[in-house]
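Counting convention: from 1, in listed order, for ligands and their atoms alike. Keep in mind that the numbers below use all heavy atoms, side chains included, and drop hydrogens, waters and symmetry copies. Numbers here simply count residues along the sequence, with the first being 1.
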Amino acid sequence: MDVPALVRRVPSWFLPLVAAVLVALFPLFGVQADVQRQIILICTLALVVSGLNLSLGYAGELALGQAAIFAGGAYVSGYLGAHGHTELLLQLLAAAVASLLIGIITGVPGLRLGSWALAMVSFFLVLLVPDILQLLKEQTGGSFGLSGIQFPTLFGLTLDQEGFYVFVAVCTALWLLMLRNLVTSRHGTAFRTLRESPVLASSLGISVFRMKLSAYAIGALPAGIAGCLFANLDHFISPDSFGFTLSVSILAASILGGSASVYGALIGAAILQLGPLESTSFQQYALVVYGLLLVLGGVLLSNGIAGILDRVRVRAQRRWLPRPRSASFQGERLPAIEGRGLQVEGAVKSFGGVQALQDVSLLAKPGQVTALIGPNGSGKTTLLNMVCGYYRLDGGTIRLGDEPLSSTPYQVARAGVARTFQTPSIPPRLTVAEAVAAGRYASQKASFLSAVLRLPGYRRARNTDVEEARRVLALVGLEDLEHEEAASLPLGTRRLLEVARSLVSRPQVLLLDEAASGLDEDEVERLAVLIRTIRDSGGTVVLVEHNFRLVLSLADHIYVLARGQILAAGSPAEIEVHPEVMTEYLGVKTPAGERLLQTAGQESADD
Ligand code: ADP
Ligand code: MG
């Protein structure tokens with residue numbers, strides 16, 4: 001059997017699992033107690049860092065409170081351990097609950113206020129830790145620290161140093177495995193989508209707030225667990241262990257190891273633990289060293305050391321696997337779509353002094369392509385944004401079928417309105433199949449827990465995701481690119497991919513913002529066939545487009561916008577010969593158009 005095929009058959013969790021088992025068995029190989037202690041410290045730091053990676057590297061939220069949550073877990077466990085509740089599983093449970101509570105309480109206000117507010121709130125939390133511990137002096141021992149934490153027990157059996165070491169190694173491996181399952185699941189794709197752009201995420205029906213809070217709360221869990229393990233290591237904890245220095249080292253480890261990576265947490269933690277944290281002569285310069293590592297990781301390495309390893313892997317794969325070409329387009333059929341009419345009535349929107357939309361009304365019918373054309377700045381994108389709920393209307397109504405359309409972006413998406421963007425928006429490090437399947441996030445539910453444990457419900461959702469993504473990729477002629485990295489494809493292909501992503505949720509209304517710009521002739525033709533297919537299947541298509549020829553050939557009805565107002569509306573045949581449109585929009589001067597403009601000018605001068 002050839003090597004590449006063999007390598008591809010090895011599941012990605014195999015090597016990490018072998019490594020974890022080996023590390024857990026170190027005591028059997030006669031590894032010294034002080035080395036074991038180092039590994040325990042690396043594991044605890046890696047746990048804390050992995051939580052930050054989830055919120056920062058995947059969801060894009062800078063939460064700096066990991067050190068405080070770590071302290072919370074440590075003190076809750078330490079208190080239990082000092083009062084005779086030595087059962088480790090009980091302590092872990094208590095620490096997990098405490099960390100979730102701290103995470104949610106500090107996360108909600110920060111997330112509500114926006115990203116920098118979260119960084120600030122969570123950072124202040126760290127500064128408050130010594131004061132809170134002092135306030136609770138009775139329970140925590142205040143600045144003297146909490147001593148008398150008894151040896152931990154597991155199912156009633158006291159754990160010696162080696163037993164505890166194995167427990168920590170297993171805990172860390174299990175958590176990293178669960179985290180890996182989470183970030184490689186459809187939820188992981190949703191987190192990355194959120195990081196790329198909250199606007200994109202909500203256009204796919206993802207609730208931005210709920211998703212950010214989930215990332216933050218789930219990221220708090222390992223910090224609490226690490227706290228519990230830490231409290232049982234030396235049987236003594238004090239506020240000194242949870243200060244500002246720790247916060248910076250957590251951030252440095254995350255960035256140096258690679259924050260958008262699961263195993264990057266281990267790499268970063270190992271470097272920090274074995275480097276500056278350990279050597280006493282470094283202690284006084286610790287902050288400087290962390291700062292340098294931060295700068296090094298942030299400026300020189302994209303996604304840290306894990307990023308370098310990943311690029312090596314991708315390059316090796318490229319050498320072994322030939323790069324596929326996209327297939328020629330067949331123009332496949334779509335199952336029937338239950339399109340619904342989109343009706344905008346009297347929409348008004350101004351930005352400060354700019355009247356972006358003034359009393360705009362339009363109707364897009366199912367089974368038709370409704371085109372919206374007009375010069376740059378005439379308000380086309382603004383109109384789409386109003387439909388999608390990104391801006392509030394100053395006046396007017398928008399209805400989908402017979403019902404008023406929600407004005408919350410993710411609910412608009414869930415109601416069946418999908419869109420593409422003027423500038424394609426595709427998260428990095430996703431395959432084409434994953435990027436397209438992201439469009440299905442809201443159409444099917446599979447809980448975080450079922451994704452982490454890979455339960456049947458999750459597998460079912462995942463399989464449908466893959467099937468649907470493949471079906472739609474075949475429709476746009478990109479099926480051969482399924483495993484390619486989506487964000488690095490050429491512009492034209494990314495546009496088609498966006499159309500595929502918006503189709504995969506079987507939307508009732510599809511909004512295409514300048515879908516053909518940047519496409520070559522062949523791609524434009526593909527797009528045209530695709531749009532006709534959607535229309536003929538019953539979809540409602542709203543097409544914003546500059547390519548006049550394409551619009552004339554595709555549209556059933558055309559609206560012309562100019563300076564935020566509907567200048568003309570009608571069939572392509574009518575618009576093509578409309579004098580005002582020719583002058584305004586195409587710059588063609590016709591005598592009739594000149595006359596019309598002059599009259600319009602006089603009217604406005606009369607006002
Ligand atoms: P089009 O898509 O037709 O090129 P837009 O809808 O992007 O035009 O813009 C219409 C007008 O509204 C422009 O004058 C633009 O500057 C203004 N505009 C759009 N979005 C905003 C915003 N978020 N803030 C301020 N002005 C905006
Ligand atoms: Mg625009």
* Where does the angle between the aromatic ring planes of F351 and Y391 fall among parallel (under 30°), tilted (30 to 60°) and perpendicular (over 60°)? -> perpendicular
* Asked: Among protein heavy atoms, which sits nearest to atom 5 (P) of ligand 1, and what does the distance come to when rounded to 0.1 Å?
  -> T382 OG1, 3.5 Å
* What is the closest protein heavy atom to atom 15 (C) of ligand 1, and at what distance does it sit? -> V354 CG1, 4.9 Å
* Structure fact -> Restricting to heavy atoms, the pick from F351, Y390, Y391 nearest atom 17 (C) of ligand 1 would be F351
* Asked: Do T420 and R501 have side-chain N/O donor and acceptor atoms under 3.5 Å apart?
  -> no
* T381 versus Q422, side-chain donor and acceptor atoms under 3.5 Å -> yes
* Asked: What protein heavy atom sits nearest atom 7 (O) of ligand 1, and how far off is it?
  -> T381 CB, 3.8 Å
* **Close N or O approach (K380, ligand 1; < 3.5 Å)** => yes
* Which of the atoms of ligand 1 are close to N376, meaning less than 4.0 Å from one of its heavy atoms? -> 4 (O)
* May I ask you to check whether H557 and Y559 place their ring centers less than 6.0 Å from one another? => yes
* Structure fact -> Which of K365, R532, R535 passes salt bridge (Lys or Arg N to Asp or Glu O under 4.0 Å) with D556? It is R535
* Who's the nearest protein heavy-atom neighbour of atom 11 (C) of ligand 1, and how far? -> G377 O, 3.7 Å
* Compute both the distance and the angle, then confirm whether K212 meets the cation-pi test with F209: under 6.0 Å from the six-membered ring centre, within 45 degrees of the axis. => no
* To do: Only pairs at least two apart or in different chains count here, so list each salt bridge (Lys or Arg N to Asp or Glu O under 4.0 Å) that has a residue in residues 408-434.
  => R419-D513
* Under a heavy-atom criterion of less than 4.0 Å, does G374 contact ligand 1? -> no
* To do: Check each atom of ligand 1 against the heavy atoms of A356 and keep those under 4.0 Å away; list them by number with element.
  => 12 (O)
* Asked: With the threshold set at 4.0 Å, does a side-chain nitrogen-carboxylate oxygen contact exist between E523 and R526?
  -> no
* Do R495 and E498 meet the salt-bridge criterion of a basic N to acidic O distance under 4.0 Å? -> no
* Asked: What is the number of protein N/O/S atoms located under 2.8 Å from the Mg ion (ligand 2)?
  -> 2
* When L511 is tested against each of L543, L384, L372 for side chain to side chain contact (heavy atoms under 4.5 Å, CB included), which residue passes? -> L384
